[in-house]
*Asks:* 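Here it is, the structure in full.
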Amino acid sequence: HVQLVESGGGSVQAGGNLTLSCAGPEYTFRSDCVGWFRQAPGKQREGVAVIDSRGRMAYANSVKGRFTVSQDTGENTVYLQMDSLKPEDSARYYCARGRLPPSRLAIDWDRVGEYDYWGQGTQVTVS
């Protein structure tokens, strides 16, 4: 069982910044990918960003240029730096463990079914 724990959510004004953290077991960050997803009330869960153990990344078009995903393997933590936040970014944010091979990362990273372990999520509210 892989336990992932998100933190860092909160309430900010539009244009503000937040950094989310996802902490997990060491082996998750050495061999797997970690995706960030979000889900707003009444909407489907959508992919935000992903990073794999080699540092390859992908982003949703809606957050490109504003969000940055990174990892600290020494701390077994993946971060999501969110800048220039908009009200439409308001959602519950989740991190999840995926096992996509590099050849499929860019294509399938945002498919919910590719991830098997999920954190409980952290709420982000932008007003």
*Asks:* Taking atom CD of Gln44 as the centre, does the number of heavy atoms from other residues, nucleotides or ligands within less than 6.0 Å exceed 12?
*Replies:*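 Atom CD in Gln44 is not crowded, with 12 or fewer foreign heavy atoms closer than 6.0 Å.
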*Asks:* Got a list of side-chain donor-acceptor pairs under 3.5 Å for residues 118-127, not counting sequence neighbours?
*Replies:*
| residue | atom | partner | partner atom | Å |
| --- | --- | --- | --- | --- |
| Trp118 | NE1 | Tyr115 | O | 3.4 |
| Thr122 | OG1 | Gly9 | N | 3.1 |
| Gln123 | NE2 | Ala91 | O | 3.4 |

*Asks:* If you look only at pairs with a residue in residues 60-78, which of them pass as a salt bridge (charged side-chain N to carboxylate O under 4.0 Å, His left out), with sequence neighbours excluded?
*Replies:*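 Found Arg66-Asp89.
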*Asks:* Side chains of Val78 and Val69, heavy atoms from C-beta outward: is any pair under 4.5 Å?
*Replies:* yes
*Asks:* Gln3 side chain to Ala23 main-chain N or O, any donor-acceptor pair under 3.5 Å?
*Replies:* no
*Asks:* Given side chain to side chain contact (heavy atoms under 4.5 Å, CB included), test Val63 with Arg38 step by step and report yes or no.
*Replies:* CA-CA 12 Å; Val63 306; Arg38 65 187 181 187; 4.0 Å; yes
*Asks:* Show every side-chain hydrogen bond (donor to acceptor under 3.5 Å, both in side chains) that has at least one partner inside residues 12-21, sequence neighbours left out.
*Replies:* Thr19-Gln81
*Asks:* Is atom CD of Glu46 surrounded by more than 12 heavy atoms (other residues, nucleotides or ligands) closer than 6.0 Å?
*Replies:* yes
*Asks:* Heavy-atom distance under 4.5 Å between the side chains of Arg54 and Leu105, does that happen here?
*Replies:*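 Side-chain contact under 4.5 Å: no.
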*Asks:* If you look at every heavy atom in Ala60 and Gly47, which pair is closest and at what distance?
*Replies:* CB-O, 3.4 Å
*Asks:* How many angstroms lie between atom CD of Gln39 and atom OH of Tyr94, to the nearest 0.5 angstrom?
*Replies:*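 Those atoms lie 5.5 Å apart.
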*Asks:* In terms of hydrophobic clusters joined by side-chain contacts under 4.5 Å, are Met57 and Tyr79 together?
*Replies:* no
*Asks:* Between Met82 and Leu20, is any pair of side-chain heavy atoms under 4.5 Å apart?
*Replies:*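 In short, these two side chains touch, coming nearer than 4.5 Å.
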*Asks:* For Arg45 and Phe37, which heavy atoms make the closest approach, and how far apart are they?
*Replies:* CG-CB, 3.8 Å
*Asks:* Which residue pairs satisfy the disulfide bond (SG atoms under 2.5 Å apart) criterion with at least one member in residues 54-127, sequence neighbours excluded?
*Replies:*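 Of all non-adjacent pairs touching residues 54-127, those that pass disulfide bond (SG atoms under 2.5 Å apart) are Cys22-Cys95.
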*Asks:* Supply the atom-to-atom distance Ile51 CD1 to Cys33 SG, rounded to the nearest 0.5 angstrom.
*Replies:* 10.0 Å
*Asks:* Pairs in or reaching into residues 99-113: which pass side-chain hydrogen bond (donor to acceptor under 3.5 Å, both in side chains), with residues at least two apart or in two chains?
*Replies:* Asp32-Arg99, Arg104-Asp108, Arg104-Glu114
*Asks:* With heavy-atom distances below 4.5 Å as the criterion, would you say the side chains of Phe67 and Leu85 are in contact?
*Replies:* yes
*Asks:* ring-ring contact (aromatic ring centres under 6.0 Å, His included) with Tyr59: which residues, sequence neighbours excluded?
*Replies:*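 With neighbours one apart ignored, the set is empty.
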*Asks:* What is the distance from atom CG of Asp83 to atom OG1 of Thr68, rounded to the nearest 0.5 Å?
*Replies:* 6.5 Å
*Asks:* Which distance, rounded to the nearest 0.5 Å, do you find between the NZ of Lys43 and the CD of Glu88?
*Replies:* 8.5 Å
*Asks:* Heavy-atom distance under 4.5 Å between the side chains of Arg97 and Pro25, does that happen here?
*Replies:* no
